[in-house]
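Only one structure is covered here, and it is reproduced in the block below.
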Amino acid sequence: MDYNFRTIEKKWQDYWKANQTNSSEVDHSLPKYYVLDMFPYPSGSGLHVGHPLGYIASDIISRYKRLKGFNVLHPMGFDSFGLPAEQYAIKTGRHPKETTEINIKRFKDQLDNLGLSYDWSREIKTSDSNYYKWTQWIFLKLYNSYFDKETKKAKDVSELIIPSHIDSSKRDNYIDSKRLAYIDTIDVNWCEELGTVLANEEVIGGLSERGGFPVTKKPMRQWVMRITKYADRLLDDLDDLDWPESIKSSQRNWIGKSYGAEISFTVNSELSVNVFTTRPDTIYGATYLVLAPENSIVEKIVTDDQKNEIENYQKIAKSKSDLERQENQKIKTGVFTGAFAINPISNKKIPIWISDYVLNSYGTGAIMAVPAHDERDYEFAQQFNLEVIKVIDSESDFFSGHGNIINSESFNGIHSKKFKDVVIDYLEKNKLGERKINYKLRDWIFTRQRYWGEPIPILHNKDKSIAVDEQDLPILLPEVESYLPTKSGKSPLARNESWKYITINGKSFERETNTMPQWAGSCWYYLRFLDPKNQSQFASESSIKYWMPVDLYIGGAEHAVLHLLYSRFWHKVLYDLGLVNTKEPFKKLVNQGMILGNSALIHRKIDGGGYVSSDLKDKYKTQSIHIEISFVNENNELNMELLKKNNPDFKDADFEYDKTFYVDREVEKMSKSKYNVINPDDICYNYGADTLRLYEMFLGPLEQSKPWSTSGIIGVHNFLKKLWRLYFHENEIIVNESVPNDYNLKTLNRCIKKVANDIENFSFNTAVSTLMITVNELTQQKCTSKKILEPLAIVISSFAPHIAEEIWQQLGNTDSITNSNYPNYDERYLHDTTKIYPVSINGKLKYKIELPTNLSKQEIEKEILADEVFIKKLHGLKPKKVIVVPGKIINFVI
RNA sequence: GCUGAAGUGGUGGAAUUGGUAGACACGUUGGACUUAAAAUCCAAUGGAUAGUAAUAUCCGUGCGGGUUCAAGUCCCGCCUUCAGUACCA
């Protein structure tokens, strides 16, 4: 019998399910290890081979840690609220819940096919009311909290001290203005196409992250999360996290802390313009001010003869989308307000302009322009012929670095870095300005005008808004007739009038009809996994205390700022309120790379129709079209018959080629629309889950992105066959009780050590290589000893659990291999070879000898003797002196 | 522009962190088994030169310098690619 992976894998997947091998409970006698995957959004197209990369890695770690004696928590769930299900619902009228359930079922089946050791008894879905009850509950916690400046912590609003000058009628307004979740009318990123507001993080280059639709600014009433209060803590606590440097740096970047000064420029006796600058040292070079077009000061200072022009400009600026604003960055536009301000240090009278290169939402929405030392100001000054004064010594017209100060009266000659402090001190002393820190981070816009999300548990009436009573949670998603937003831009929930209006104690209220963004559910799911069935708490205190923090979090780098920043923020609030016991949720983070698709592109002649082979395409004007990759072989040759048969578009098409028709290849993201998807089910069917698992790990370093290529999978599959033959011959197990020889022991021990090391360092590709070398060597050594082959099966079980279980059982074990222990290695069998290097110290030739570690004294002497002979051979003389340095280095002096 | 990561055979990728570069695997070539194919097994495989041969010598980790007995690895200066971000004053 050969290695029959289909039977074996089915058998053991059923066994694990039936015996709940992977479930874990709080057990204080064991050390815990919490391994978490970023849970997926259950999309309609199912898994492709790129998805499981991280899941396989985390599964290897989980299985390994279990063998190492840890109590491992390895759960999985679904981030099941989201836009695609809703858009599908709009198209078809089917409830998103239905399609979501179908998709989840499919995902689960696919995941189980891979032999992933999830504890499915802890499965959660963010769209489940048992789950989103607690998402709403946490929302209320944020709503009922404010940020205390003194302690830099969130506290319950009942502890808020109302200043004495606030009279009682304004009390509630005051409290509302301090809440961590608050309502504000702000210019938001409005996406017409999606009919919803997007967070800054969801807008990329002026287009929506999902779908790539244009985004414009629109003032709207929104729920907002005061994440900016946590900017410093979110920044500082990054230092202690074991996260990839790239992720930390993008979070730092996103928070964007910068040190500088806010400086006041007087316009007239009543008005002044405050600007923020990181370069107060260049203040003598400030030759004009620029305000953002939306800045409210503009109307107060504009002169009558400039009024028309200014208003025109404001109108144009407002109608521009973010994308349009960014398009012509190099060509600056702007209008003079007619007003002037006084530079507080040089006392120079300088003009005030408006321009859309100044953003109203950053700093004070106004800048002092120093054209000689800021590139944007320089471009603006060139455009409008404004004065340029150089205040830092440099050769070029424009210079953004540091140097010695010039043209700055009594301050000339000081270095600009030093002058920065001097100026700020001077400004503060004279009450002209102050030291200031600014952040790029904005408050988090928390509302979406969508159906398929968590309802926000708030009621409104004319006077004010109130929170829904905790007892009344969850606020269930109501049924609606249509999933489209209303014409006025309101959420589809507003369509259900009987749900929308509610009377409590004779007072009538209107429910909040907006829903939460997709990030809400994923902000805290790692906590619900700890205690998923708890009806009275989001998770019990004891489970939090035992399992938190997440020891290892594996997921894609695309969540570097969005999900990871938001969940850290929520976690910190929960921490402040005493609901969790750790400052940070995720101790170690690993980003798996993306597995890319290898798309096939066929060239269509633009005029005249028909298709042309890629080696002849230069003769025509062509356009390339994606075609299904299964119609193309490894040499980029197209199977035209298959294409014509399966795709009606090509049925009667002309193909021009010499002998063979070639297509072009392009490496890009795997996606259904690019016809480059490889389904893991197919791989499992043809080669087995164990092969797929090993192959995905063998492909290269986990963190690295790489294109999928099926060539090469045969090597891994051969390895498993070889492994099988190490244990079985003609259906008979050939392992016996023979005593292993030293070679066998060395091979095994090296493998045990190296694989453990590689797993701990996330170097799975080299671990797989080690396994291959080991099996090759043992095959060559014709090893049949159980003492060698039994521990080997355990080592392999983390990577290829199905085959390992089968071997384990055939070796006569009755328990699952997952309940055994990772074998210990014996240093005695790990002797490396001695290495000799010539070294010249003070002109004398010496030899540095590295001996293997853990040699006995006798063995060292033996080694030295052998090396003496070696060196003697080399030079024809015997070393005069042998210096034995403690440790492993020995010097021979010639 | 800024930030981060990376550049090694035909290909994916190793290299114990400064110590015999190319492990392991794919591919290719040759051989064994077979009527044949598949499967399997064995051997060769960075380049160049010399030799019938075992073998020997030289060149080789994006480019140019440097440190060192010794550099893929460290330092200086460039080039290229990928990812993220972008008028944040």
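Each chain gets a letter, A, B and so on, in the order its sequence line appears, and its residues count up from 1.
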Nearest-nucleotide comparison on RNA chain B, the residue closer to the 5′ end among A/Ser711 and A/Arg279
A/Ser711
By side-chain hydrogen bond (donor to acceptor under 3.5 Å, both in side chains), which residues pair with A/Thr278, not counting sequence neighbours?
none
Can you find a side chain N or O atom of A/Tyr362 that sits less than 4.0 Å from OP1 or OP2 on B/A89?
yes
A/Gln704 vs B/G13: side-chain N/O to OP1/OP2 distance below 4.0 Å:
yes
Return a table of donor-acceptor pairs under 3.5 angstrom between the side chains of residues 712-721 of chain A and protein atoms on other chains or two or more places apart.
residue, atom, partner, partner atom, Å
A/His717, ND1, A/Tyr687, O, 3.3
A/His717, ND1, A/Thr691, OG1, 3.0
A/Asn718, ND2, A/Ile714, O, 3.4

Both distances under 3.5 Å, Watson-Crick or G-U wobble: on that basis, could you give the dot-bracket string for RNA chain B, with [ ] for crossing pairs and | for other-strand partners?
(((((((..(((......[....)))((((((.......))))))(((((....)))))..(((((..]....))))))))))))....
When you check the phosphate oxygens OP1 and OP2 of B/G84, does a side-chain N or O of A/Asn253 lie under 4.0 Å from one of them?
no
Pick out the pairs of N or O atoms, protein on one side and nucleotides 38-40 of chain B on the other, that lie under 3.5 Å.
residue, atom, partner, partner atom, Å
B/U40, OP1, A/Asn718, OD1, 2.7
B/U40, O3', A/Arg725, NH2, 3.3

For A/Ser258, answer base if it contacts any base atom (sugar-phosphate contacts may also be present), sugar-phosphate if it contacts only those atoms, and nothing otherwise; contact means non-hydrogen atoms under 4.0 Å.
sugar-phosphate
For A/Ser769, report the nucleic acid contact type (base, sugar-phosphate, nothing); a contact means any heavy atom under 4.0 Å.
base
Quick check on B/A25: is either OP1 or OP2 less than 4.0 Å from any side-chain nitrogen or oxygen of A/Asn776?
yes
Would you please name every residue forming a salt bridge (charged side-chain N to carboxylate O under 4.0 Å, His left out) with A/Arg435, sequence neighbours left out?
A/Asp421, A/Asp425
For A/Thr337, side-chain hydrogen bond (donor to acceptor under 3.5 Å, both in side chains) partners two or more places apart
none
Just to verify, what does A/Phe384 make a ring pair (Phe, Tyr, Trp, His ring centres under 6.0 Å) with, not counting sequence neighbours?
A/Trp353, A/Phe380
Any donor-acceptor pair under 3.5 Å linking the side chain of A/Lys436 with the backbone of A/Glu262?
no
Would you please name every residue forming a side-chain hydrogen bond (donor to acceptor under 3.5 Å, both in side chains) with A/Asp232, sequence neighbours left out?
A/Lys257, A/Tyr439
Is any side-chain N or O of A/Thr766 closer than 4.0 Å to OP1 or OP2 of B/A23?
no
Go through the structure and list residues passing side chain to side chain contact (heavy atoms under 4.5 Å, CB included) with A/Asp826, not counting sequence neighbours.
A/Asn749, A/Arg828, A/Tyr829
